[in-house]
Amino acid sequence: MIPWLTIAIALPAIGAVLVWALPRTGAGGRAATASAAAAAEGGGGTTTAVRTPAATATGAVSAENAKRITLGFSLATLAVLVAMTLRFDLSNAGSLQFVEEYPWIPRFGVHFAVGVDGIALTLILMSAILVPLVVLAAWREHDDREDGGRGYFALILALEAMMIGVFAATDVFLFYVFFEAMLIPVYFMIGRYGRGDERAKAAVKFLLYSLAGGLIMLVAVIGVFVHGGTFLWADLVGENGALAALDPSTARWLFLGFFIAFAIKAPMWPVHTWLPQAAGASRPGTAVLLVGVLDKVGTYGMLRYCMELFPAAVSWFVWPVVALSLVSIVYGAILAIGQTDMMRLVAYTSISHFGFITLGIFALTAQAQTGAALYMVNHGFATGALFLVVGLLVARRGSSLIKDFSGVQNVAPKLAGVFLVTGLAGLALPGLAPFVSEFLVFVGVYAFNPVPALIAVIGVVLAALYILWMYQRTMTGPTADGVSGFKDLSAREAWAVGPLLALIIAFGLYPQPLLDAIEPAAERTVVATVDSAEEGGAE
């Protein structure tokens, strides 16, 4: 049997090492500068650094090679995952497939165990699609840096390996390792390669919030092993699983330990404050991976770990989580309306959107659960595209403030058109992918209880306001002085955002392929768990 998932995790990891191992002569010619300074000092002259043309050319070549290697390995990873997907049995999408299990730390019962069901598969594919597009979008973003962005591209590949690993892990301890390891590349992608004077502060805040949640989850992971005797997910869940006879009080505490970590990662009100600051200080490519993929680990964790490991505890937390979700929906949308920075505005829209996802997860109906899982994928594509387009605007103007843009459609109509489509996807316009998932969430939530569904409608109305108002202020009206020299979409930029637009439209018109993979998995991972939770609550 071909170890598809191990190959998919290993490929970007190997690519990251190769990119990092490239000659360290940066685009600014660090090696040439140092040698010239040393020569001047040894010869009794001045210590003025001189960048030689040869060294500068060497640095440029090294930076270009880093980009090509990164793009090549990300495309190779996508190809492997597509080949794996073609062998995925949709008729059995609710069960784990491509399962691999190797002893890792036998003394503590830890395994390198991976496998995917329909939900995990779609999230992994989404991640693999976004990475090469992020690489294309960031191709010229770091040319002014001394290393030409070599370190940034190595971090992207390292992060991709961890993203695939965290969705594929079927050992609780392995999941935790990937969950925490992702923090390292993201911290440097924000703190070292971000933008603005606040990037270091934003990176530290992101790290502290995530570490706090991770440490709480570590206690719960240890609790799972103490009470279950194993870390293997398949041996822990189900009626005959090792946690089936878990004391209800213990189950609630362990549930809470996992949930807090996932709520921070999601992010969910009131532990969301790290996201707007982190996204605002990030490069657009980093923001795409941060909001499009990493935050989904939180909602995926709620589905896979909170609900299935501790079904008897679910009924205790349904209404508190529903209430927090509604606050996230309305609060995130209101704050998005008041933003003056486009990057922060999109970040706040995501807080609102994640409220819909968590609302669907805890509505305890098949439609809502399926819609929530589908929303994770569609949000990744739609918000990823919106962040990339905003990034193109920021790169041209040198600012992300809304007041610095006006009349873009007069000089760059293609760019303005792409911005409009991605914005309409963000407000879930019918015919675009997010609409299907949002509709399913509403149907399922209304069946659960009409009141939360009616309150959540406020978020839909506000979404139209913050998206269309942002478009009006930036794309229409007289052309601002700083906008008059804008170039329209280049071929490289079109290749970066074009596939996402195609997917948004395709899955908006025909979402059945995603539903075929997600719905059976949602029924297995959620509906059966809900039945068990209701039985426990009745007792």
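Both backbone and side-chain heavy atoms feed into the values below; hydrogens, waters and symmetry mates do not.
A distance-only check finds no donor-acceptor pair linking the side chain of Arg344 to the backbone of Gln339 [under 3.5 Å]. Without hydrogens or angle criteria, Thr122 side chain to Ile119 main chain gives a donor-acceptor distance under 3.5 Å. Checked by atom type and distance alone, the side chain of Gln97 pairs as donor or acceptor with a backbone atom of Asn92 at under 3.5 Å. With His353 contributing its side chain and Tyr375 its backbone, the two residues share no donor-acceptor pair below 3.5 Å. Judged purely by atom type and a 3.5 angstrom limit, Lys296 uses its side chain to pair as donor or acceptor with the backbone of Val291. Using a distance-only test at 3.5 Å, with no hydrogens or angles considered, a donor-acceptor pair links the side chain of Thr170 to the main chain of Ala113. Distance alone, capped at 3.5 Å, places no donor-acceptor pair between the Ser328 side chain and the Gly355 backbone.
Nearest heavy-atom pair across Ala385 and Thr422 is CB-CG2, 3.5 Å. Pairing each heavy atom of Tyr348 with each of Pro276, the nearest pair is CZ-CG, 3.4 Å. Among all heavy-atom pairs drawn from Tyr466 and Ala336, the shortest one is CD2-CB, 3.8 Å. Of all non-hydrogen atoms in Tyr176 and Gly214, the two that sit nearest each other are CE1-O, 3.2 Å. The nearest pair of heavy atoms linking Val441 to Phe356 is CG1-O, 3.7 Å. Closest non-hydrogen pair, Leu275 versus Ala347, comes out as CD2-O, 3.8 Å.
Scored by the side chain to side chain contact (heavy atoms under 4.5 Å, CB included) test, Leu515 finds Thr370, Leu374, Leu440, Pro511, Gln512 as partners (sequence neighbours excluded).
Looking only at side-chain heavy atoms (C-beta outward), Pro499 and Ile129 stay at 4.5 Å or farther from each other. Between Val221 and Met217 there is a side-chain heavy-atom pair separated by less than 4.5 Å. Annotation: side chain of Leu326 is in contact with side chain of Leu359 (closest heavy-atom distance under 4.5 Å). Two residues are said to be in side-chain contact when any heavy atoms from C-beta on lie closer than 4.5 Å; Phe225 and Phe173 fail this criterion. No side-chain heavy atom of Phe507 sits less than 4.5 Å from a side-chain heavy atom of Val436.
Within the 6.0 Å centre-distance limit, the rings of Trp274 and Phe206 are counted as a close aromatic pair.
Sorted by first and then second residue, the side chain to side chain donor-acceptor pair (under 3.5 Å) pairs with a member in residues 3-14 read Thr6-Glu100; sequence neighbours excluded.
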